[in-house]
Amino acid sequence: MIMENNLYNVTEEGSLLVSYPPKNLNGSSYRCIASNSFGTVMSRAATLEIAYVDTFPVPSAPRYKTLNAKLGTCITCNPPEAYPGIHADWKAGVFTDINSNDRIREMIDGRLCFAYTTTGDRGTYYCVVSNKYDKGEATKRSPPLSFDVINVLDLHQLLNGPDGTLIYPNSTQLKYNQELRIPNAQPQDSGEYQCIGASRGYSETVSRYLTVLAPPNLVSGLKDAKVDSGSTVTMQCTADDDGVEFSWYHNTRLLNSSMKRPRISEDNTLTIDNVMVQDSGIYQCAARNEHGMSLSTAQLSVEEQEPTEMKPTESEIDQPDSRSPGNTVGDTFVYIFAAMVSAALLEIL
């Protein structure tokens with residue numbers, strides 16, 4: 001249970017508010033448990049991610065570099081520690097933006113690359129980083145990097161910058177086709193991708209393998225059910241991934257696989273024999289792998305059967321009650337005799 005304090009606060013709507021969380025809470029998990037008259041249900045685990053960017057370390061000496069004109073080169077940002085990722089921009093001189101073109105490009109990995117250098121590239125450069133969640137609002141600036149460009153070789157221009165061709169359906173090509181962005185990547189997007197660069201009759205291919213990691217995908221899940229007491233209930237959930245671990249819960253209480261009632265079979269089937277009213281509630285099947293958990297939830301309602309009324313048979317309805325007067329010869333004689341005695345007594349009187 002979370003105790004409310006300066007760090008945690010639970011709102012009236014049931015939301016958990018974490019105020020100014022420290023960096024050491026990054027990766028901590030939380031669950032919400034809700035209850036009503038029908039049962040108790042728990043949510044999937046919510047992981048708290050703390051977005052941060054540390055400051056650049058102070059260099060022990062000024063950073064200076066000499067470059068040869070007309071030759072390609074890249075300078076690295078060497079960003080500080082950050083989570084979950086960093087967006088890097090380069091500035092020149094007195095914090096002037098660098099516009100990417102066919103000769104100068106800011107790469108996806110944070111480098112600033114020159115297809116070839118000129119003496120006009122002399123100057124001071126800064127790497128400015130921000131967290132991907134900050135959208136450039138909270139930035140950290142690197143110590144300045146100065147470099148000179150000298151003409152030591154009289155070479156023809158070797159490259160106008162690599163022309164990349166990236167092909168993938170429903171994707172977005174950015175930064176002069178040097179970046180491939182796949183929105184909402186799914187496990188089926190995993191595979192080998194190739195980037196082909198060509199210039200003046202020369203081409204080069206670079207291959208990279210993409211693996212998209214995801215929690216288990218549940219092929220079949222649980223469904224709400226309403227049954228009579230005494231019947232048998234069967235539930236099953238399956239995933240299309242290997243190496244998945246399953247767990248079952250009844251009103252958030254973990255059900256042990258060694259239990260006889262309800263029993264859990266090897267194929268992850270939950271069976272409740274001779275179901276009773278107290279078996280009602282919320283059932284959940286949790287599928288876990290190393291990348292997360294998927295939950296399937298259903299409500300089971302068990303209704304108590306009303307006792308069956310015993311109705312008389314037709315023969316019993318037709319037969320008169322033998323205990324009523326006048327139903328037999330003996331009873332009729334007694335009734336007449338009693339009437340005669342009463343009449344005689346009246347005459348005597």
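Position 1 is the first residue of the sequence, and the numbers go up from there.
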**Q** Should the pair Phe147 and Phe114 be assigned to parallel (<30°), tilted (30 to 60°) or perpendicular (>60°) ring geometry?
**A** perpendicular

**Q** Taking side chain as C-beta onward, heavy atoms only, is Val302 less than 4.5 Å from Asp228?
**A** no

**Q** On the 0 to 90° scale, with breaks at 30° and 60°, tag the His250-Tyr283 ring pair as parallel, tilted or perpendicular.
**A** parallel

**Q** Should Val212 and Gln186 count as side-chain neighbours, where that means a heavy-atom distance under 4.5 Å?
**A** no

**Q** Just checking Glu245: does its CD atom have more than 12 heavy atoms from other residues, nucleotides or ligands closer to it than 6.0 angstrom?
**A** no

**Q** Tell me whether Phe246 shares a hydrophobic cluster with Leu255, the cluster being built from Ile, Leu, Val, Met, Phe, Trp, Tyr side chains joined at under 4.5 Å.
**A** no

**Q** Mark yes when over 12 heavy atoms from residues, nucleotides or ligands other than Glu290 sit less than 6.0 Å from its CD; otherwise mark no.
**A** no

**Q** Under a 4.0 Å threshold between the charged nitrogen and the carboxylate oxygen, would Asp279 count as salt-bridged to Arg261?
**A** yes

**Q** Is the closest side-chain heavy-atom distance between Glu303 and Lys226 below 4.5 Å?
**A** yes

**Q** What pair of heavy atoms forms the shortest contact from Ala239 to Pro216, and how long is it?
**A** CB-CB, 4.3 Å

**Q** Any side-chain donor paired with an acceptor under 3.5 Å for Tyr209 and Thr211?
**A** no

**Q** Go through the steps for Ile75 and Lys65 under the test side chain to side chain contact (heavy atoms under 4.5 Å, CB included), then give the verdict.
**A** CA-CA 10 Å; Ile75 55 178; Lys65 190 174 184 179; 4.2 Å; yes

**Q** Is the closest side-chain donor-acceptor distance between Thr124 and Ser146 under 3.5 Å?
**A** yes

**Q** Using side-chain heavy atoms (C-beta onward) and a distance below 4.5 Å, is Thr297 in contact with Cys285?
**A** no

**Q** Is the closest side-chain heavy-atom distance between Pro143 and Val58 below 4.5 Å?
**A** no

**Q** Determine whether more than 12 heavy atoms belonging to other residues, nucleotides or ligands lie under 6.0 Å from atom OH of Tyr30.
**A** yes

**Q** Honestly, is Lys91 close enough over Tyr126, meaning NZ or CZ under 6.0 Å from the six-membered ring centre and within 45° of the axis?
**A** no

**Q** Would Ser247 and Leu254 count as a side chain to side chain contact (heavy atoms under 4.5 Å, CB included) if you check the C-alpha gap in whole Å, the side-chain angles of each, and the deciding distance to 0.1 Å?
**A** CA-CA 7 Å; Ser247 300; Leu254 178 64; 4.1 Å; yes

**Q** Can you confirm whether the side chains of Asp97 and Trp90 place a donor and an acceptor under 3.5 Å from each other?
**A** no

**Q** Would you mind reporting whether His87 and Asn131 have side-chain heavy atoms less than 4.5 Å apart?
**A** no

**Q** Do Phe38 and Thr40 come within less than 4.5 Å of each other through their side chains, counting heavy atoms only?
**A** no

**Q** Does a donor on one side chain sit under 3.5 Å from an acceptor on the other, for Ser220 and Thr238?
**A** yes

**Q** Test side chain to side chain contact (heavy atoms under 4.5 Å, CB included) on Val275 and Thr232; report intermediate values, then the result.
**A** CA-CA 6 Å; Val275 68; Thr232 298; over 6 Å; no

**Q** Less than 4.0 Å between a side-chain N and a carboxylate O, is that true for Lys140 and Asp54?
**A** no

**Q** Is NZ or CZ of Arg141 both nearer than 6.0 Å to the six-membered ring centre of Phe56 and within 45° of the ring axis?
**A** no

**Q** Would you call Val129 and Pro80 a side-chain contact if the rule is heavy atoms closer than 4.5 Å?
**A** yes

